[in-house]
Each structure stands twice: as C-alpha cells, then as structure tokens.
Amino acid sequence: MSREPQPLSLALAELIALRGFARVRGDEELHAAWKAVAGDELAKQARPIQVVKGTLSISVEGAALLNELVAFQSAELLGRMQKQFPHLNVKRLKFRLSGM
C-alpha cells in the first residue's frame with residue numbers, strides 16, 4: 001500500500017464503501033422504488049432483496065402469490081420499474097419463495 005497522499009474524493013469513496021453507507025441508501029431506494037411499482041399490499045408480501053447484474057431478486061411470502069407474480073404480473077411490474085426507475089438498471093425480475 002502506498003503511503004503517498006491520495007485525493008480526498010478517493011479517501012471518502014473508500015470510507016463510504018468500508019462503512020456500508022452507500023448500501024443502506026441503496027437498499028432504502030430499492031424498497032421505495034419497489035413499493036411505488038408494486039403498491040402497498042403487494043410490497044408487504046413481496047420484498048426486494050438486491051439487484052445483481054440487472055436482475056432484481058424479490059422474496060415472496062407464499063407459493064400462490066409466487067405463481068401469480070411469475071405467470072401474470074412479472075412483465076407489467078418490470079415495465080413499470082424500468083419506466084419509473086431507469087437508473088436502477090433492472091432488466092429482469094426473479095421471484096423466489098421466502099426462506100429459500
């Protein structure tokens with residue numbers, strides 16, 4: 001590791017990453033975006049986990065709801081997410097049963 005001074009912006013970026021500050025803000029933004037797209041009732045039963053390589057993983061509380069989301073609502077929810085929150089770069093939705 002170099003002992004030379006580094007730019008303040010680099011030092012702050014490292015501190016933010018090490019302390020996890022960006023992740024907390026990111027998680028809050030993701031939850032707010034999902035709630036806006038899915039609505040209050042659905043957001044209570046299906047919660048976003050994370051976005052990895054364009055795939056938003058969502059934890060769903062029941063098998064019946066999981067099947068309904070995959071079969072009937074996935075495309076519409078994805079379209080809303082992409083239109084309302086393009087900066088999140090969500091390209092796919094992946095639903096999974098809670099606890100799996």
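The basis for the numbers below is simple: all heavy atoms, side chains too, and nothing from hydrogens, waters or symmetry mates. In this text the structure is predicted, and so the values were computed from the model without any measurement.
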Fill in the blank from the handout: Applying side-chain hydrogen bond (donor to acceptor under 3.5 Å, both in side chains) to S59 and not counting sequence neighbours gives S98
Completion exercise
Applying side-chain hydrogen bond (donor to acceptor under 3.5 Å, both in side chains) to T55 and not counting sequence neighbours gives R92
Side chain proximity check, [X] to [Y], heavy atoms < 4.5 angstrom:
| X | Y | value |
| --- | --- | --- |
| V60 | R96 | no |
| E29 | H87 | yes |
| W34 | L88 | no |

Do any side-chain atoms of residues 63-73 form donor-acceptor pairs under 3.5 angstrom with protein atoms, and if so which ones, sequence neighbours left out?
unit_1: N67; atom_1: ND2; unit_2: A63; atom_2: O; d: 3.4
unit_1: E68; atom_1: OE2; unit_2: Q73; atom_2: NE2; d: 2.5

Exercise for the section: Could you list all the salt bridge (charged side-chain N to carboxylate O under 4.0 Å, His left out) pairs where at least one residue sits in residues 69-80, not counting sequence neighbours? Expected result: E76-R80
Fill in the blank from the handout: Rounding to 0.5 Å, atoms CG (L93) and CD (Q82) come to a distance of 8.0 Å
Completion exercise
Residues passing the side chain to side chain contact (heavy atoms under 4.5 Å, CB included) test with V51, sequence neighbours excluded, are L30, L56, V90
Completion exercise
Residues passing the side chain to side chain contact (heavy atoms under 4.5 Å, CB included) test with A36, sequence neighbours excluded, are Q84, F85
Contacts table for residues 37-47: side-chain donor-acceptor under 3.5 angstrom, sequence neighbours left out:
unit_1: R47; atom_1: NH1; unit_2: K44; atom_2: O; d: 2.6
unit_1: R47; atom_1: NH1; unit_2: E61; atom_2: OE2; d: 3.0
unit_1: R47; atom_1: NH2; unit_2: E61; atom_2: OE2; d: 2.8

